[in-house]
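What follows is a single structure, written as structure tokens, with notes after it.
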Protein chains: 2
Amino acid sequence: MSTETAPRAFGEVGRRDTRQRRALREHLAMSDSFVSAQQLYDDLRAGGDKVGLATVYRTLQAMTEAGEVDAVRTDDGETLYRKCGPRHHHHLVCRSCGVAIEIDGPGVERWAAKAAADNGFTEVTHVVELFGLCADCSA
Amino acid sequence: MSTETAPRAFGEVGRRDTRQRRALREHLAMSDSFVSAQQLYDDLRAGGDKVGLATVYRTLQAMTEAGEVDAVRTDDGETLYRKCGPRHHHHLVCRSCGVAIEIDGPGVERWAAKAAADNGFTEVTHVVELFGLCADCSA
DNA sequence: CACTAGTTTGATAACGGTTCTCATTCTAGA
DNA sequence: TCTAGAATGAGAACCGTTATCAAACTAGTG
């Protein structure tokens with residue numbers, strides 16, 4: 001809703017490059033799974049990085065807005081984050097271990113656009129996420 | 001997760017028919033829009049019905065499990081409820097006024113099933129909701 | 001109709017995730 | 001090296017939701 005999105009350096013979330021942001025980015029880069037902010041906070045702390053919870057939330061939020069990470073909401077209200085590719089896509093997420101696979105649904109986008117148009121809706125966004133048990137966790 | 005889902009009278013959420021549940025059901029039946037539990041609570045109170053907030057939440061939850069209402073989560077974490085038809089379907093919801101249209105996407109279901117199968121996922125559920133501004137609110 | 005067992009209710013406390021506050025620390029450019 | 005202002009972090013505040021538990025009520029039964 002904000003028109004304040006200022007231009008910023010490629011790949012950078014905020015203007016300044018801090019130890020905390022570096023740690024966060026590195027940690028995210030290492031995993032293919034979705035993690036919660038709290039989990040990330042614990043992990044960083046456990047790994048010896050001194051970071052505040054507020055910073056984790058703030059940075060994650062900024063990165064999400066900047067398109068550096070994807071965020072999905074679980075059924076119980078937690079938001080999970082994960083590094084992501086630049087293209088628009090959806091996810092197939094494992095309910096048990098958090099592993100995620102990026103998938104895209106060309107048909108889904110079209111269907112959404114059509115449904116919106118047919119009903120006179122504008123500025124339509126869509127939420128399309130699949131949750132299940134990955135091959136490993138199914139066993 | 002519970003195997004306790006006992007058989008119950010058609011169209012009824014719990015066993016007992018209370019004033020509160022009746023009021024809630026009637027209120028929902030009157031509208032095509034999604035409303036939050038809190039909103040519903042306020043509306044009922046404003047309408048003279050004495051109901052507790054906890055009861056609204058409990059009943060809404062029960063009705064959701066029973067398939068009497070649909071629930072969607074907004075981006076800011078609120079859960080919205082609405083009476084619904086029996087068939088599986090998705091929604092095109094107005095961000096501004098809550099009005100919703102039930103839509104179904106035969107292709108979406110198939111796409112979801114295929115993506116899941118292709119990646120070895122099992123027990124896959126999908127979340128597919130469209131949010132936008134309805135014709136009226138677009139003006 | 002009266003009685004009773006067991007369900008439901010509701011005021012309020014507790015909860016869990018997230019955001020806000022604001023004094024302090026740190027970054028980046030001059 | 002200095003400095004303006006961005007970033008941080010501990011803890012409080014927030015907010016939607018759920019749990020608690022004694023009191024009220026429903027629906028069968030005698």
Side-chain angles (χ1 to χ4, degrees), chain A residues 1-2 4-9 11-25 27 34-66 68-69 71-81 98, chain B residues 1-2 4-9 12-25 27 34-45 47-66 68-69 71-81 98:
Chain A
M1 304 303 140
S2 150
E4 286 295 347
T5 315
R8 52 168 64 112
E12 290 299 314
V13 141
R15 267 152 256 212
R16 302 203 167 164
D17 187 26
T18 66
R19 174 176 53 75
Q20 293 87 336
R21 289 181 183 174
R22 243 173 286 133
L24 228 149
R25 216 161 353 231
H27 197 95
F34 272 93
V35 282
S36 66
Q38 313 248 17
Q39 181 65 53
L40 201 38
Y41 169 75
D42 290 343
D43 289 355
L44 288 172
R45 294 234 138 189
D49 287 302
K50 271 184 84 296
V51 234
L53 184 56
T55 299
V56 173
Y57 274 103
R58 265 187 305 239
T59 307
L60 244 19
Q61 195 174 272
M63 292 177 85
T64 301
E65 272 162 30
E68 280 188 61
V69 304
V72 303
R73 247 178 211 281
T74 63
D75 282 339
D76 48 300
E78 254 195 354
T79 303
L80 306 181
Y81 303 87
Chain B
M1 302 302 139
S2 149
E4 286 295 345
T5 317
R8 51 169 64 113
E12 290 298 315
V13 143
R15 267 152 257 208
R16 302 205 167 164
D17 188 26
T18 66
R19 175 176 53 75
Q20 293 86 336
R21 289 181 183 174
R22 242 173 287 133
L24 228 149
R25 225 176 328 247
H27 197 95
F34 272 93
V35 282
S36 66
Q38 313 249 17
Q39 182 65 52
L40 200 39
Y41 170 75
D42 290 342
D43 289 355
L44 287 172
R45 294 235 137 189
D49 286 303
K50 270 183 84 298
V51 240
L53 184 57
T55 300
V56 173
Y57 273 103
R58 264 187 306 238
T59 307
L60 244 19
Q61 194 174 272
M63 290 177 84
T64 301
E65 272 163 30
E68 280 188 61
V69 304
V72 303
R73 247 177 211 281
T74 63
D75 282 338
D76 49 299
E78 253 195 355
T79 303
L80 305 181
Y81 302 87

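On a predicted model such as this, the values are computed, not experimentally measured, just so you know. Letters A, B, ... are given to chains in the order of the sequence lines, protein chains preceding strands, and every chain is numbered from 1.
Atom CZ of B:Arg45 is separated from atom P of C:dG10 by 8 Å (rounded to the nearest Å). For B:Gln61 and C:dT8, the CD to P distance is 14 Å, given to the nearest whole Å. Rounded to an integer number of Å, the gap from CZ of B:Arg58 to C1' of D:dC25 is 13 Å. Whole-Å rounding puts the B:Glu65 CD to D:dT17 P distance at 15 Å. Whole-Å rounding puts the A:Glu78 CD to C:dT18 C1' distance at 11 Å. Protein atom OH of B:Tyr41 is 14 Å distant from nucleotide atom C1' of D:dT17, rounded to whole Å. Atom CG in B:Asp76 sits roughly 13 Å away from atom C1' in C:dT19 (whole-Å rounding). Regarding A:Asp75, its CG atom lies at a distance of 18 Å from the P atom of C:dG16, rounded to whole Å.
At C:dC26, none of the side-chain N or O atoms of A:Gln20 fall inside 4.0 Å of OP1 or OP2 (strictly under the cut-off). For D:dA6, neither phosphate oxygen OP1 nor OP2 lies less than 4.0 angstrom from any side-chain nitrogen or oxygen of A:Thr18. Put simply, B:Tyr57 has a side-chain N or O that comes within less than 4.0 Å of OP1 or OP2 on D:dT17. The side chain of A:Thr55 places an N or O atom within less than 4.0 Å of a non-bridging phosphate oxygen (OP1 or OP2) of D:dG9. Between B:Arg21 and the phosphate of C:dT9, there is a side-chain N or O to OP1/OP2 separation shorter than 4.0 Å.
If you check every strand for non-hydrogen atoms under 4.0 Å, B:Gln38 touches a base. Heavy atoms of A:Ser36 sit nowhere under 4.0 angstrom from any nucleic acid atom. The residue A:Arg22 sits apart from the nucleic acid: no heavy atom pair falls under 4.0 Å.
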Would you list the protein and nucleotides 2-5 of chain D atom pairs, both N or O, that sit under 3.5 Å from each other?
| residue | atom | partner | partner atom | Å |
| --- | --- | --- | --- | --- |
| D:dG5 | N2 | A:Arg16 | NH1 | 2.4 |

Between protein and nucleic acid, restricted to nucleotides 12-14 of chain C and to nitrogen or oxygen atoms under 3.5 Å apart, what atom pairs and distances do you find?
none

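For B:Arg22, the salt bridge (Lys or Arg N to Asp or Glu O under 4.0 Å) test picks out B:Asp17, with sequence neighbours left out. Taking A:Tyr81 as the reference, nothing meets the ring-ring contact (aromatic ring centres under 6.0 Å, His included) condition, with sequence neighbours excluded. For A:Asp75, the side-chain contact (heavy atoms from CB on, under 4.5 Å) criterion is met by no residue, not counting sequence neighbours. Taking the side chain to side chain donor-acceptor pair (under 3.5 Å) definition, one finds that A:Thr55 meets it with A:Arg58, sequence neighbours left out. A search for side-chain contact (heavy atoms from CB on, under 4.5 Å) contacts involving B:Asp49 returns B:Ala23, B:Leu44, B:Val51, not counting sequence neighbours. Residues meeting the side-chain contact (heavy atoms from CB on, under 4.5 Å) test with B:Thr74, sequence neighbours left out: B:Asp76, B:Glu78, B:Leu80. In this structure, the side-chain contact (heavy atoms from CB on, under 4.5 Å) partners of A:Asp43, at least two apart in sequence or on a different chain, are A:His27, A:Gln39.
For the pair B:Tyr81 and A:Val56, both in contact range of DNA chain D, the more 5′-proximal nearest nucleotide belongs to A:Val56.
Distance check: B:Tyr57 OH to B:Thr79 OG1 gives 8.0 Å after rounding to the nearest 0.5 Å. Once rounded to the nearest 0.5 Å, the distance linking CG of B:Asp42 with OG of B:Ser36 reads 7.5 Å.
Counting heavy atoms from C-beta outward, B:Arg19 and B:Lys50 have side chains that approach closer than 4.5 Å.
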